[in-house]
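Just so you know, residue 1 is the first one in the sequence shown, and it goes up from there.
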Amino acid sequence: MANVALRNVSKVYPGGVEALTAVDLEIQDGEFFVAVGPSGSGKSTLLRLIAGLEFPTAGEVWIGEERVDALAPRDRDVAMVFQTPALYPHLNVYGNLAFGLRARSVRRKAVRATVTSVAERLGITEVLRRMPRTLSGGQRQRVALGRAIARHPRVFLLDEPFSSLDAPLRASMCSELADLHQRLGITTILVTHDQAEAMRLGDRIAVVDHGRIVQVGAPLEVYDHPVNRFVATFIGQPPMNLLRCQVERTDKDWKIRPVGIPLVSCWAVPLGFCPMPPLEPGETYVFDLGLRAESLAIAGSDEDPQSLPRTLPATVEIRRLDLLGAETLGTVAMGPHILNLRFSSRGLFGIGDIVPIRLDFQRAVWFDVESGMAPRNRNP
């Protein structure tokens, strides 16, 4: 096992296509690290640079105490699993699992012991004598994982290995991968475009956009405190609500009014009630207010929204209801603004209903309108 470091790494392809720009990243020994981003963001290039399938235009790649950016893939002691299993079709499952060991001249007895152990861990003992074409998608992906694990690499690299699987099998494979990492403790780097998969698996996640690492942190840290509008809308399902507001600081409170709604509808939020960017008293500013769907809730008929702690009231019109089982995802309109919120599926609400909602401003994130960045918030 080993830590992985990328130091000021850039990758420019012929024609001036800049896939990665000045990436600095430290991945700890034994960590499950996930790089997540949309298609074309550069996350697969990041993985290929670590594997040695690509070479950086600038910068350094380190695995453990060794600089490896000039080494061939076979000299880096890493194992990679691709989106498609890429099994050897002329070898049975046993042969595929044993291939890397035999290539390194491992003794037959040790090969047999390793293959047997890996097969038992992955639940594929009963298919060891079958050919890849006779296996299901999940079984083929397990064999691909097993072939990588059998090598006992320093680093385990996964390039969207479950994207071609159906939803139930994908969920099952994610659980198996998480359990496997806990048992083996191998430094694991996964790239995916599925933010739910990233949140579920990663000890830390890196959000990649246009070849740059936008934010790195624990999944809930990135979810609760996105550094810009891109992270806010990419991480989370549904994405974070963004509500453009005029904000004014007085001697005792913040006056917050959504743009496009009459002044009478503004909220008066006491100073210290929620984190805010540093503002000068008496001046009016415009920010994008970010609130997750769970920070909005429909007030019960027996509740007085004005009296509820840590929240402020508003009135909305329900535009769409998506039943998800125990809960419902609602799309609502607050004047010209469209917002998402979650509530119990047992609620007796329908499309077109006018309902009161509660907004939890203590969980608000504010974004600069021009740059899209989240200013450093503080409690005055």
Could you tell me whether the side chain of Thr57 and the main chain of Val12 form a donor-acceptor pair under 3.5 Å? yes
Going by heavy atoms in the side chains, are Phe156 and Val81 under 4.5 Å from each other? yes
Quick one: does Val155's side chain get under 4.5 Å of Ile27's, heavy atoms only? no
Backbone of Arg112 reached by a side-chain donor or acceptor of Thr116 within 3.5 Å: yes
Mind checking whether Trp267 and Phe361 have ring centres under 6.0 Å apart? yes
Applying side chain to side chain contact (heavy atoms under 4.5 Å, CB included), name anything that partners Ala333, two or more places apart in sequence or on another chain. Arg319, Ile338
To the nearest 0.5 Å, tell me how far Thr188 OG1 sits from Leu201 CG. 10.0 Å
Is it true that a side-chain atom of Thr187 and a backbone atom of Gly30 form a donor plus acceptor pair closer than 3.5 Å? yes
Counting N and O atoms only, with roles assigned by atom type, does the side chain of Gln195 sit under 3.5 Å from a partner on the main chain of Gly236, one being a donor and the other an acceptor? yes
Which other residues end up in the same hydrophobic cluster as Val17, if Ile, Leu, Val, Met, Phe, Trp and Tyr are linked when side-chain heavy atoms come under 4.5 Å apart? Tyr13
Going by the side-chain hydrogen bond (donor to acceptor under 3.5 Å, both in side chains) test, which pairs reach into residues 225-236, not counting sequence neighbours? Arg229-Asp288
Ionic contact status for Glu248 with Lys255, cut-off 4.0 Å: no
Tell me if the CZ atom of Arg212 is crowded by more than 12 foreign heavy atoms within 6.0 Å. no
Backbone N or O of Arg151 within a donor-acceptor pair of the Arg104 side chain at under 3.5 Å? yes
Contacts of type ring-ring contact (aromatic ring centres under 6.0 Å, His included), residue Phe234, not counting sequence neighbours: Phe230
Give me the other members of the hydrophobic cluster that Leu329 sits in, counting Ile, Leu, Val, Met, Phe, Trp and Tyr linked by side-chain heavy atoms under 4.5 Å, directly or via other members. Leu324
Evaluate the side-chain proximity of Leu25 to Val9: yes if any heavy-atom separation is below 4.5 Å, no if none is. no
Under 3.5 Å, is there a donor-acceptor pair between the side chain of Lys43 and the main chain of Pro38? yes
Going from CZ on Arg140 to CZ on Arg133, what distance comes out if it is rounded to the nearest 0.5 angstrom? 11.5 Å
Donor-acceptor pair, Arg363 side chain versus Leu291 backbone, under 3.5 Å? no
By side chain to side chain contact (heavy atoms under 4.5 Å, CB included), which residues pair with Ala103, not counting sequence neighbours? none
Give the cluster check for Val118 versus Leu180: same hydrophobic cluster or not, with ILVMFWY residues linked at side-chain heavy-atom distances below 4.5 Å. yes
Ignoring hydrogens and geometry, is there a side-chain-to-backbone donor-acceptor pair from Asn8 to Ala22 under 3.5 Å? no
With sequence neighbours left out, the residues meeting salt bridge (charged side-chain N to carboxylate O under 4.0 Å, His left out) with Glu60 are Arg67
Would you call Asp360-Arg358 a salt bridge at under 4.0 Å N-O? no
Between Pro85 and Val143, is there a side-chain heavy-atom distance shorter than 4.5 Å? no
Counting only N and O atoms by type, is there a donor-acceptor contact under 3.5 Å from the side chain of Glu327 to the main-chain atoms of Arg342? no
Starting at CG of Leu157, measure out to CZ of Arg76 and round the result to the nearest 0.5 Å. 10.0 Å
Are Arg147 and Leu87 packed together at the side-chain level, in the sense that at least one heavy-atom pair is separated by less than 4.5 angstrom? yes
Nearest heavy-atom neighbours spanning Phe287 and Val247: CD1-CG2, 4.3 Å
Return the CD1 to CD distance between Ile205 and Glu221, rounded to the nearest 0.5 Å. 9.5 Å
Going by the rule side chain to side chain donor-acceptor pair (under 3.5 Å), which residues pair with Glu197 if we only count those two or more places apart in sequence or in a different chain? Arg170, Thr192
What do you reckon, is CD of Glu280 surrounded by more than 12 foreign heavy atoms closer than 6.0 Å? no
Any pair with a residue in residues 162-200 that passes ring-ring contact (aromatic ring centres under 6.0 Å, His included), sequence neighbours left out, goes on the list, sorted by first then second residue, please. Phe32-His181
Among residues two or more places apart or on two chains, list those pairs meeting ring-ring contact (aromatic ring centres under 6.0 Å, His included) that have a residue in residues 80-128. Tyr88-Phe99
I want to check something: taking the side chain as every heavy atom from C-beta on, are Leu6 and Val4 in contact at a cut-off of under 4.5 Å? yes
Is it the case that more than 12 heavy atoms not belonging to Arg74 sit under 6.0 Å from its CZ atom? no
Partners of Asp159 by salt bridge (charged side-chain N to carboxylate O under 4.0 Å, His left out), sequence neighbours excluded? none
Do the non-hydrogen side-chain atoms of Leu190 and Pro161 ever get within less than 4.5 Å of each other? yes
Kindly say whether Ala2 contributes a backbone atom to a donor-acceptor pair with the side chain of Asp29 at under 3.5 angstrom? yes
Flag the pair Lys11 / Leu46 as yes when at least one side-chain heavy-atom distance between them is below 4.5 Å, and no otherwise. no
Who are the ring-ring contact (aromatic ring centres under 6.0 Å, His included) partners of Tyr223, not counting sequence neighbours? none
